[in-house]
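Quick note on labels: first sequence line is chain A, next is B, and so on, each numbered from 1. The analysis underlying the following values was restricted to heavy atoms, covering all of them including side chains, and did not include hydrogens, waters or symmetry mates.
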Amino acid sequence: MPDLATPLIEWYRENARDLPWRRAGFGAWGVLVSEFMLQQTPVARVIPHLEGWLERWPSPADLAASAPADAVRQWANLGYPRRALWLHRAAIEIRDRHTGVVPRDVDALLALTGIGDYTARAVVVFAYGGRAPVVDTNTRRVLARAVDGRSQPAPAAKRDLAAMDAILPPSDDDAAIVNAAAMELGAVVCTARAPRCDACPIADRCAWRAAGYPDTGDDRRRQARYEGSDRQARGAILKVLRDAATHAVPLGDVVPDWHDPRQRDRAIDSLIADGLAEASEGLLRLPS
DNA sequence: GATCCGTGGTG
DNA sequence: TCACCAAGGAT
């Protein structure tokens, strides 16, 4: 396999975006919060929310001392609000099991709520300078094209970690840069729809390019339609709860004109089951 | 491994 | 317009 690390490192040094979590001294807690927010939410939407969160809760213990409702409300419209709940739980776990310090090894991080293969390794590598393969959707696309000669990546799988590990250089510092560079390349050059191969530092060794950019198909499952979905109903309900000045809403006032009342009631039940809402005495509210 | 889970920008 | 896509994780 051709050397991908060297051109990626050189390209990254020249072209890396200036993102908040890349600033020197940003801190492991800041990195962890940013990674939670970045799970399926675009960079441009995360940045405006990150500073306010960290000013309000500068440490895991600060967040752990607040009610989950405050975390869900601060999460605002970032989407997938379970992440706010999970980040809050992770903060409690960090306080109780790790003396308030974000763990620096993969296994300890994986044991925390809401942290999986990507986030655990991102914290180890980007916050602590450790060595591990960090694989996100951008990296999977870059590897699928450059290494496998495919137009789109296969669905995420464990073997992606080994594939990334295989291109990491010996030095831990360089390996960290290659991890970041692969993500960056996928985000700004080797994009999903219209890749800018003329600006790609590894175009001369890209298997997909060498094969003539074949359409190798896409076996990833398509996202379910949002319009009319339970997710849409849950989102509408949770927005009502976030925006409620009194922090409690009579059940009859929760999206009363929803087109499908059974779907609305099902969504309320599922929010309660997820811990995102609580019901008592005919009132619905965010979790205390 | 398949499915579920928000929200908004974009080609 | 509208399907696609976005620094994933839990079940």
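The side chain of A:Arg193 lies closest to C:dC4 when the candidates are C:dA7, B:dG1, C:dC4. Closest approach to the A:Arg242 side chain among C:dA7, B:dT7, C:dA10 is made by B:dT7 (side chain taken as heavy atoms from C-beta onward). Listed nucleotides B:dC5, C:dA7, C:dC5 differ in distance to A:Trp21; the shortest reach to its side chain belongs to C:dA7.
A straight line from CD of A:Glu35 to P of C:dG9 spans 9 Å, rounded to a whole angstrom. Atom pair A:Gln223:CD and B:dG9:P shows a separation of 16 Å (rounding to whole Å applied). Between the CG atom of A:Asp218 and the P atom of C:dA6 there is a distance of 10 Å, given to the nearest Å. Rounding to whole angstrom units, CG of residue A:Leu78 and P of C:dA7 are separated by 14 Å. At whole-Å resolution of the value, CZ in A:Arg221 and P in C:dC4 are 12 Å apart. Rounded to whole angstrom, the span from the CD atom of A:Gln232 across to the C1' atom of B:dC4 amounts to 16 Å. The interatomic distance linking A:Arg225 (CZ) with C:dT1 (C1') rounds to 11 Å, in whole Å. Between A:His88 atom NE2 and C:dG9 atom P the separation is 20 Å, expressed in whole Å.
A distance of about 12 Å separates the C1' atoms of C:dA6 and B:dG6, rounded to the whole Å. Here, B:dG11 and C:dA7 have their P atoms 14 Å apart, quoted to the whole Å. With C1' as the reference atom, C:dA10 and B:dG8 are 24 Å apart, rounded to whole Å. If you take atom C1' in C:dG8 and the same atom in B:dG1, they sit 15 Å apart, rounded to whole Å.
Other residues, nucleotides and ligands contribute over 12 non-hydrogen atoms within 6.0 Å of the CZ atom of A:Arg17.
Interface residues of residues 36-59 of chain A facing DNA chain B, ordered by number: A:Gln40, A:Thr41, A:Arg45; criterion, heavy-atom separation under 4.0 Å.
Across all strands, A:Ile115 comes closer than 4.0 Å only to sugar-phosphate atoms, never to a base (heavy-atom distances). In this structure, A:Gly116 reaches the sugar-phosphate backbone alone: every heavy-atom distance under 4.0 Å involves primed, P, OP1 or OP2 atoms, never a base. As judged by a 4.0 angstrom heavy-atom cut-off over every strand, A:Leu87 is placed among residues making no nucleic acid contact. Across all strands shown, A:Thr119 has heavy atoms under 4.0 Å from sugar-phosphate atoms exclusively, and none from any base. A:Ala192 comes within 4.0 angstrom of the backbone, heavy atoms only, and of no base. If you check every strand for non-hydrogen atoms under 4.0 Å, A:Arg140 touches nothing.
Each of A:Lys239 and A:Lys158 lies near DNA chain B, and the nucleotide nearest A:Lys158 is the one positioned closer to the 5' end. Residues A:Pro155 and A:Gly235 each lie close to DNA chain B; by heavy-atom proximity, the contact nearer the 5' end of the strand is made by A:Pro155. Comparing A:Met183 and A:Arg222, the nucleotide of DNA chain C nearest to each residue sits closer to the 5' end for A:Arg222. Comparing A:Thr137 and A:Arg220 by the nucleotide of DNA chain C that holds the closest heavy atom to each, the one mapping nearer the 5' end is A:Arg220.
Between A:Val123 and A:Leu32, the shortest heavy-atom contact is CG2-CD1, 3.8 Å.
The phosphate of B:dG6 (OP1 or OP2) has a side-chain N or O of A:Arg234 nearer than 4.0 angstrom. Taking 4.0 angstrom as the limit, A:Asn77 places none of its side-chain polar atoms (N or O) nearer than this to OP1 or OP2 of B:dT7. Contact check, A:Tyr226 against B:dT7: a side-chain N or O comes under 4.0 Å of OP1 or OP2.
Judged by distance alone, the side chains of A:Glu35 and A:Tyr118 do bring a donor and an acceptor atom under 3.5 Å apart. Side-chain polar atoms of A:Ser66 and A:Arg56 form no donor-acceptor pair below 3.5 angstrom.
The closest side-chain heavy-atom distance from A:Arg13 to A:Ile177 is below 4.5 Å. The shortest distance between side-chain heavy atoms of A:Arg231 and A:Tyr80 falls below 4.5 Å.
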Show the atom names and distances, to 0.1 Å, of all donor-acceptor pairs under 3.5 Å that link a side chain in residues 280-288 of chain A to residues at least two apart or in another chain.
from     : atom 1 : to       : atom 2 : distance (Å)
A:Ser288 : OG     : A:Glu278 : OE1    : 3.3

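A salt bridge links A:Asp117 with A:Lys158: the closest approach of a Lys/Arg side-chain nitrogen to an acidic carboxylate oxygen falls below 4.0 angstrom.
Donor-acceptor pairing under 3.5 Å, judged by distance alone, is present between the side chain of A:Arg82 and the base of B:dC5.
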(request) Apply salt bridge (Lys or Arg N to Asp or Glu O under 4.0 Å) to A:Asp230 and A:Arg234, showing your working. (result) CA-CA 6 Å; A:Asp230 283 11; A:Arg234 286 167 54 107; over 6 Å; no
